[in-house]
*Asks:* 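This is the structure I have questions about; it appears just below.
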Protein chains: 2
Amino acid sequence: MDSRPVTEQRRTLGALLRLSYEALQREVYGGLAARGYPEIRPAHSAVFRHIGPDGSRLTTLAERAGMTKQSMAYLVDGLAAAGHLTSTPDPADGRARIVRLTAKGQGVLAALLALSAEAEARVAGRIGERRAGKLRRYLEQLAAALEAERAAR
Amino acid sequence: MDSRPVTEQRRTLGALLRLSYEALQREVYGGLAARGYPEIRPAHSAVFRHIGPDGSRLTTLAERAGMTKQSMAYLVDGLAAAGHLTSTPDPADGRARIVRLTAKGQGVLAALLALSAEAEARVAGRIGERRAGKLRRYLEQLAAALEAERAAR
DNA sequence: AATAAATTGTCAGTCAATATGACGAAAAGG
DNA sequence: CCTTTTCGTCATATTGACTGACAATTTATT
C-alpha cells in the first residue's frame with residue numbers, strides 16, 4: 001500500500017552508527033536486567049562511566065558527563081535510592097558531598113564492563129574478529145580526531 | 001582532587017559508537033539550523049526517514065520507526081504545525097489520514113541527506129577515505145547481521 | 001580582617017520524547 | 001448483519017534533559 005521511503009537505497013553513516021549503538025545498548029542493558037539489575041538504565045552509565053574509585057563530587061560528575069549538575073543529581077538520586085551509591089558530606093568542604101559506589105554499585109560497574117566486552121565479542125562473531133578489530137580502531141581514531149578538534153576550539 | 005574514573009583505559013565499543021553518532025548528529029542538526037530549519041530535531045528524522053514519496057499513514061510511519069502511533073503522532077503534529085507536513089483524510093479509508101511532505105518538508109529531507117553526506121565526507125577527512133569506506137562497510141555488515149537475527153526470531 | 005566573588009548543591013519549573021490504556025469511528029470478514 | 005480488527009486520538013505517566021534562582025560556604029581581593 002504505502003510506497004517505500006525515499007531514504008531506502010543507502011543509509012546514512014549516522015543511521016548505521018545509531019542502529020549499531022542501539023543494538024549494543026539493548027544487549028548490555030538487557031543483560032544487566034537479566035543479572036538482577038533491571039533498574040539500571042542507559043542514562044545511568046553517565047554516572048558509572050565517570051565516577052572515580054574513591055568517589056567524586058556531583059559537580060565533577062556533571063562536568064565529565066557534559067551535563068548540568070541538576071541532571072546529574074537526578075541520576076545520582078535514583079541510583080542512591082536503589083542502593084548503588086552513597087552521598088556523604090565532604091569533610092574538607094562544607095558545601096560539597098562525595099558520591100561513592102556501594103558494593104552493589106561496584107557490582108553493577110563490573111557487570112557493565114563485562115557485558116560490554118561480551119557485546120563486542122558478539123560483534124566479532126557477526127562480522128569477523130578482524131573486521132570488528134578494525135571497526136574499533138577506526139572508531140577510536142575518529143573519536144581522537146573529534147576530541148582534538150574540540151580541544152583546538 | 002577527584003581521582004580519574006575506572007573506565008578510562010579502554011572505551012567500550014558502545015561508547016565509541018555513541019560518541020561518533022552524537023558528533024555526526026550535532027553536525028547534521030547544527031547544519032540544518034544554519035540552513036534555516038532550527039525547529040527540526042533529531043527525533044523528527046524518524047518521520048523523514050520513513051515517509052514515502054506519495055505520503056504514508058501514521059500507523060505505517062510508527063511501524064517503520066518502531067514506535068507507538070501516539071509517539072509518531074506527537075512528532076507528526078510538530079512537523080505539521082511548522083509546515084513541513086500535511087495530514088489529509090484518506091479518501092479510500094474513512095479512519096485513516098495520509099501524511100505527506102510539503103515542499104518545505106521536501107527541502108528539509110534534501111538538506112538532511114546532503115548534510116549527512118557532508119558529515120560522512122568530513123569523517124573521511126578525519127581518518128582517511130579508505131578507512132571511512134571500510135568503517136561504513138563494516139557497519140553495514142553489522143546492521144545486516146543484526147537484521148537477519150531479528151528476522152530469524 | 002572585611003568584603004567581594006566564585007563554587008556547590010538544591011528547589012522549582014519546563015520541555016522533549018517516549019510509553020500505556022481506553023476509546024469512537026470506520027472497515028473487513030464472516 | 002454482526003463481530004472483529006484497524007486507525008487515529010484523548011488522557012496520562014515516565015524519563016532524562018534543560019534554565020533560573022538561591023542559600024551556604026569557600027576562595028580571592030583589597
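None of these values were measured; they are calculated from a predicted model. In the text below, chain A, chain B and the rest are named by the order of the sequence lines, each starting its count at 1.
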*Asks:* Under 3.5 Å between N/O atoms: give me all the protein pairs with nucleotides 2-5 of chain C, atom names plus distance.
*Replies:*
none

*Asks:* Any carboxylate oxygen within less than 4.0 angstrom of a Lys/Arg side-chain nitrogen, looking at B:Glu120 and B:Arg136?
*Replies:* yes
*Asks:* Consider only side-chain heavy atoms of I, L, V, M, F, W and Y, link residues closer than 4.5 Å, and tell whether A:Ile98 and A:Leu61 are in one cluster.
*Replies:* no
*Asks:* Decide, yes or no, whether a salt bridge links A:Arg95 with A:Asp90 under the criterion of side-chain N to carboxylate O below 4.0 Å.
*Replies:* no
*Asks:* Test of understanding: clusters of I, L, V, M, F, W, Y form through side-chain heavy atoms closer than 4.5 Å, transitively. Do A:Leu13 and A:Ile127 belong to the same one?
*Replies:* yes
*Asks:* Tell me the interatomic distance from B:Lys69, atom NZ, to C:dA19, atom P, rounded to whole angstroms.
*Replies:* 13 Å
*Asks:* Does anything in residues 16-35 of chain A come within less than 4.0 Å of DNA chain C? Heavy atoms only, and list the residues if so.
*Replies:* none
*Asks:* Could you check how far CG of A:Asp77 sits from P of C:dT8, rounded to whole Å?
*Replies:* 18 Å
*Asks:* Counting the atoms with a prime plus P, OP1 and OP2 as sugar-phosphate, which does B:Ser71 contact under 4.0 Å by heavy atoms, base, sugar-phosphate, or nothing?
*Replies:* base
*Asks:* Looking only at side-chain atoms of A:Leu58, point me to the closest of C:dT8, C:dA27, C:dT10.
*Replies:* C:dT10
*Asks:* In whole Å, what is the span from the CE atom of B:Met67 to the P atom of C:dT20?
*Replies:* 12 Å
*Asks:* Please tabulate, one pair per line, all N/O donor-acceptor pairs under 3.5 Å involving side-chain atoms of residues 77-87 of chain A, not counting sequence neighbours.
*Replies:*
unit_1	atom_1	unit_2	atom_2	d
A:His84	NE2	A:Glu39	OE2	2.7
A:Ser87	OG	A:Arg97	NH1	3.1

*Asks:* Could you give the start and end, 5' to 3', of the contact zone on DNA chain D for chain A, using atoms under 4.0 Å from its heavy atoms?
*Replies:* D:dT15 to D:dT26
*Asks:* Would you mind reading off the distance between B:Asp90 atom CG and C:dA27 atom C1', rounded to a whole angstrom?
*Replies:* 12 Å
*Asks:* Once hydrogens and angles are ignored, does a donor-acceptor distance under 3.5 Å link the base of C:dG21 to the side chain of B:Gln70?
*Replies:* yes
*Asks:* I'd like to know if B:Tyr21 and B:Leu139 are part of one continuous hydrophobic network [Ile/Leu/Val/Met/Phe/Trp/Tyr, side-chain heavy atoms within less than 4.5 Å].
*Replies:* yes
*Asks:* Can you confirm whether B:Glu129 is buried at CD, in the sense that more than 12 heavy atoms of other residues, nucleotides or ligands lie under 6.0 Å from that atom?
*Replies:* no
*Asks:* Rounded to the nearest Å, what distance is computed from the CG atom of residue A:Leu75 to the P atom of nucleotide C:dG9?
*Replies:* 15 Å
*Asks:* Could you go through residues 109-119 of chain A and list every donor-acceptor pair under 3.5 Å that involves a side-chain atom there, pairing it with any protein atom two or more places apart or in another chain?
*Replies:*
unit_1	atom_1	unit_2	atom_2	d
A:Ser116	OG	A:Leu112	O	2.8
A:Glu118	OE2	A:Arg35	NH2	2.9

*Asks:* Identify, between A:Gly94 and A:Gly66, the residue whose nearest nucleotide on DNA chain D lies closer to the 5' end.
*Replies:* A:Gly66
*Asks:* Salt-bridged, B:Arg126 to A:Glu149, with N to O below 4.0 Å?
*Replies:* yes
*Asks:* Listed by chain and number, what are the side chain to side chain donor-acceptor pair (under 3.5 Å) partners of A:Arg137, not counting sequence neighbours?
*Replies:* none
*Asks:* Distance check needed: C:dA16 P versus B:Met72 CE, whole Å only.
*Replies:* 17 Å
*Asks:* Just the rounded figure in Å: distance from P of C:dT7 to CG of A:Asp93.
*Replies:* 12 Å
*Asks:* Using atom CG of B:Leu61 as one end and atom P of C:dT18 as the other, report the distance to the nearest whole Å.
*Replies:* 14 Å
*Asks:* Salt-bridge test for B:Glu22 and A:Arg150: reply yes if a basic N is under 4.0 Å from a carboxylate O, no otherwise.
*Replies:* no
*Asks:* Treating Ile, Leu, Val, Met, Phe, Trp and Tyr as nodes and any side-chain heavy-atom pair under 4.5 angstrom as an edge, say whether A:Leu16 and B:Leu19 lie in one connected cluster.
*Replies:* no
